[in-house]
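When a ligand or atom number is given, it counts from 1 through the structure's own listing order. Quick note: numbers below take in every heavy atom, side chains included, and nothing from hydrogens, waters or symmetry partners.
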Amino acid sequence: MATVLMQEMTWPAFADHMKRGTPVLVPVGATEQHGYHMPLGVDAYLPTAVSTGIAKAVGAIVAPTINYGYKSQPKMGGGPAFPGTTSFDASTLISAVRDVLRDLIRHGARKIAVINGHYENQMFTIEAIELVRRDAAMLGVTDLTIFRCEYWDFTRKDLLAKLFPAGFPGYDLEHAAILETSMMLHVRPDLVDMARLANDPPAKFPPYETFPVRDGWVPPSGVLSPAGTADAEKGRLLMENYVEDIGAALRKEFALA
Ligand code: ZN
Ligand code: MN
C-alpha cells in the first residue's frame, strides 16, 4: 500500500495528492517528561499514530509532526524542571504551525487538520490557524477548511467509564497515566517499561499557580495520576475510538466520500 506519510513520498506523489484534493493532517506534539516508564516523545508519537490511522481510513496524508510544543505546565505535564522537557516559546510554536500550514496551502492543500497531542498547545495552534487564514485570504484562497482538535476530546463516555471505574480525574491530570500509557503500550510497546512505573498518589494542585512551582506539587516521577491499570488492550480500544470518530468528523467537515 502506498504510504500516507508525506516524508516517505516523492514530490510527484505529493503533487498528485494536492491535485486530487487529498486532506493533510498535521500532528503537533511536544518533547516532555512522561514518568520513569515512558519516553520524552509520547505527546508526539500519539497524535502521529492517531493521524496515521485516520489518514489510512479516510484517504488523507500526514505531514511531518511538529515535535516540540508550548512550555510544559506543572498541572498538566509536570513542568519544565524535568531533564529533557524542551519547549517552544508561544511565538515560536505559533510561527512553526503557521509556516507549515501556509506552505501546505501554497502547494494546494485546502483541507487541513491539526491534530494536537499536548494540552498546552491548544490556544497557540488556534492562533496559528487564525493567522494563516488571514494569510490565505490575502493570497486570494477562498476554499480553505481547517479542522483542529485535541484527539482525547473524542474519547467516548462509555469507554471512559470502563477505563475509570473509580471516576475520571480529568485530561490535565491524566498526564503519563492510564490513557497515554495504554496507547503507548498499543502503539510503541518497545518504548514502555511498566516495571518502572511509579506508584505516586494523584497530584493535588491548589486553584492557582506560583512561578516557580512549589516543592511537593508535582510527584517526583512526573506521573500525575496512578497508571497501574494501563494495558495494551485499552490502548487498542482508544486508538480505534479516535480513528473512527475523528475520521467521521473529518469526513463530515471535509465532505469526503
Ligand atoms: Zn502527554
Ligand atoms: Mn503534554
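Looking only at N/O/S atoms, D43 comes nearest to the Zn ion (ligand 1) through OD1. Taking the Mn ion (ligand 2) as reference, H118 places its N/O/S atom ND1 nearest.
For the pair OD2 of D43 and OE1 of E32, the angle at the Mn ion (ligand 2) is about 90°; rounding is to 10 degrees.
In summary, an N, O or S atom of H34 is located under 2.8 Å from the Zn ion (ligand 1). With 2.8 Å as the limit, E180 counts as an N, O or S neighbour of the Zn ion (ligand 1).
Taking the six-membered ring where the residue is Trp, H107 and F14 present perpendicular rings, their angle passing 60° and hence far from 30°. Between Y119 and W152, the two ring planes are parallel [angle under 30°; tilted spans 30° to 60°]. Ring orientation note: the planes of W217 and F205 are nearly perpendicular, at an angle over 60° on the 30°/60° scale.
Between D135 and R102, at least one side-chain N (NZ, or NE/NH1/NH2) sits under 4.0 Å from a carboxylate O, which counts as a salt bridge. Between D158 and R156, no side-chain nitrogen of the basic residue sits less than 4.0 Å from a carboxylate oxygen of the acidic one, so the salt-bridge criterion is not met.
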